[in-house]
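Chain letters run A, B, ... following the sequence lines, proteins first, then strands; residues in each count from 1.
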There are 2 protein chains.
Amino acid sequence: MLAYAPDLDRVFQALADPGRRLMVDRLSRGPASVSELGRPLAMTLAAVLQHVQVLEACGLVRSAKLGRTRTCSINPAALRSAESWIADRRTMVERNLDRLGEYLAATADQPDPTSHAEGQQ
Amino acid sequence: MLAYAPDLDRVFQALADPGRRLMVDRLSRGPASVSELGRPLAMTLAAVLQHVQVLEACGLVRSAKLGRTRTCSINPAALRSAESWIADRRTMVERNLDRLGEYLAATADQPDPTSHAEGQQ
DNA sequence: GAGATAGTCAAGTGGATGCTTCAGTGTCGC
DNA sequence: GCGACACTGAAGCATCCACTTGACTATCTC
């Protein structure tokens with residue numbers, strides 16, 4: 001029954017930060033080093049690293065160290081899982097709205113006043 | 001240039017909480033009252049209300065009070081904006097991976113050793 | 001109208017988050 | 001070898017978050 005998904009917590013939490021979204025955005029164009037990711041961010045390298053660790057902990061990003069630079073790249077699978085969680089719900093919502101529309105259209109001519117007060121303000 | 005989107009912060013932040021995701025999931029099947037949303041959640045009504053307020057503040061949920069009950073319903077537009085932020089990046093990632101694949105395939109027979117050390121651990 | 005129901009407001013609390021500084025460590029380039 | 005570079009770890013700190021309790025307000029229901 002739709003088991004509790006601990007990873008989604010962390011993925012959405014990770015995406016909630018604008019700096020981390022910027023990193024994801026950058027990485028979606030290709031791999032980058034930690035300092036490269038932090039360049040547009042006006043914060044310490046240490047802070048950047050912490051963000052990278054958050055992204056890595058939730059599976060959004062993978063990284064490997066080569067020499068003295070750590071190269072990060074994105075993991076599309078984690079993006080996909082978050083995306084489809086949302087997509088599934090949105091699809092359901094829209095399907096229900098469509099059915100509601102059909103129902104309203106079908107009962108529009110009938111004199112049954114079972115209308116809920118929808119759409120305030 | 002992809003302006004800073006303050007709402008996405010709050011939408012992802014809202015979705016980061018498993019209880020709130022459960023509420024969104026419930027609402028994706030149709031409207032519900034505050035106490036109905038909180039029923040499976042083992043927390044105070046006051047706490048449930050706070051979650052609802054978070055969901056409302058980011059635009060994921062709308063609500064209207066009728067009599068003494070507040071009926072909440074979901075707003076698909078907010079879901080859509082979060083979904084497409086992710087989808088855009090994921091699409092970009094996958095396109096780039098495809099291009100990389102093509103590049104590797106095209107240069108596979110050439111004796112140029114420009115291979116990066118990918119895939120650690 | 002009295003008691004139950006459904007929600008609301010405000011204040012407080014413990015734990016997580018997002019930084020910082022500082023003191024390293026390992027690598028690169030000359 | 002030595003200085004610069006890229007990163008790492010630990011500690012500290014301000015703020016935010018997810019609750020709780022307790023007091024209160026409407027609205028039903030009988």
Report task. Would you kindly give the CG-to-P distance between B:Leu37 and C:dG7, to the nearest whole Å? Result -> 9 Å

Report task. Ignoring backbone atoms, test whether A:Lys65 places a side-chain nitrogen or oxygen under 4.0 Å from the OP1 or OP2 oxygen of D:dT8. Result -> yes

Query raised in the report: Of the candidate nucleotides C:dC19, D:dA6, C:dT8, which contains the atom at the shortest distance from the side chain of A:His51?
Result: C:dC19

Query - A:Arg70 side-chain N/O to D:dT8 phosphate OP1/OP2 under 4.0 Å - result: yes

Query raised in the report: Between A:Phe12 (CZ) and D:dC17 (C1'), how many Å, whole number?
Result: 19 Å

Query - d(CD, A:Glu56; P, D:dT8) in whole Å - result: 9 Å

Query - Nucleotide nearest B:Gln53 (side chain, heavy atoms from C-beta), chosen from C:dC9, D:dC19, D:dG9 - result: C:dC9

Query raised in the report: Atom CD1 of B:Ile86 and atom CZ of B:Phe12: how far apart are they, to the nearest 0.5 Å?
Result: 4.0 Å

Report task. For the side chain of B:Arg68, starting at C-beta, report the closest nucleotide among D:dT27, C:dG7, D:dA6. Result -> D:dT27

Report task. Kindly say whether, by distance alone, the side chain of A:Gln50 makes a donor-acceptor pair under 3.5 Å with the base of C:dT20? Result -> yes

Query raised in the report: Just how far, in rounded Å, is P of C:dG24 from CG of A:Leu45?
Result: 18 Å

Query - Selected nucleotide, minimal atom distance to A:Ala46 side chain, candidates C:dC19, C:dG18, C:dC22 - result: C:dC22

Requested in this report: For B:Leu66 and C:dA6, give me the distance from atom CG to atom P, rounded to whole Å.
Outcome: 14 Å

**Report entry** Hphob cluster co-occupancy, B:Val54 + B:Leu49, side-chain heavy atoms under 4.5 angstrom
**Finding:** no

Requested in this report: Between A:Met43 and A:Gly67, just flag the one whose closest nucleotide in DNA chain C comes earlier from the 5' side.
Outcome: A:Met43

Query raised in the report: Looking at A:Arg90 and A:Glu83, does any basic side-chain N land under 4.0 Å from a carboxylate oxygen?
Result: no

**Report entry** No-hydrogen, no-angle side-chain donor-acceptor test under 3.5 Å, B:Ser63 and B:Arg70
**Finding:** yes

Query raised in the report: Rounded to whole angstroms, how far apart are CG on B:Leu41 and P on D:dT20?
Result: 11 Å

Requested in this report: Starting at atom CE of A:Met23, determine the distance to atom C1' of C:dC19, rounded to an integer number of angstrom.
Outcome: 12 Å

Requested in this report: Send over the distance from B:Asp9 CG to C:dT17 C1', rounded to a whole Å.
Outcome: 14 Å

Requested in this report: For residues B:Glu94 and A:Pro76, report the shortest heavy-atom separation together with the two atoms involved.
Outcome: OE2-CB, 4.2 Å

Query raised in the report: How close do A:Met23 and A:Leu37 get, heavy atom to heavy atom, and via which atoms?
Result: O-CD2, 4.0 Å

Query - Short side-chain N/O contact from A:Arg20 to OP1 or OP2 of C:dG18, under 4.0 Å - result: yes

Requested in this report: Work out how much the helix from C:dG1-D:dC30 to C:dC30-D:dG1 bends between its end axes, five pairs an end, to the nearest 10 degrees.
Outcome: 30°

Query raised in the report: Would one find a side-chain N or O of A:Ser35 under 4.0 angstrom from OP1 or OP2 of D:dC7?
Result: yes

Query - Touch class at under 4.0 angstrom, heavy-atom based, for A:Thr44 against every strand present - result: base

Requested in this report: Search all heavy atoms of B:Val48 against all heavy atoms of B:Gly38 and return the closest pair with its distance.
Outcome: CG2-CA, 3.6 Å

Query raised in the report: Do any N or O atoms from the side chain of B:Arg20 and from the backbone of B:Gln13 form a donor-acceptor pair under 3.5 angstrom?
Result: yes

Report summary line: Of the listed D:dA6, D:dT8, C:dC19, the closest approach to the A:Leu49 side chain comes from D:dT8

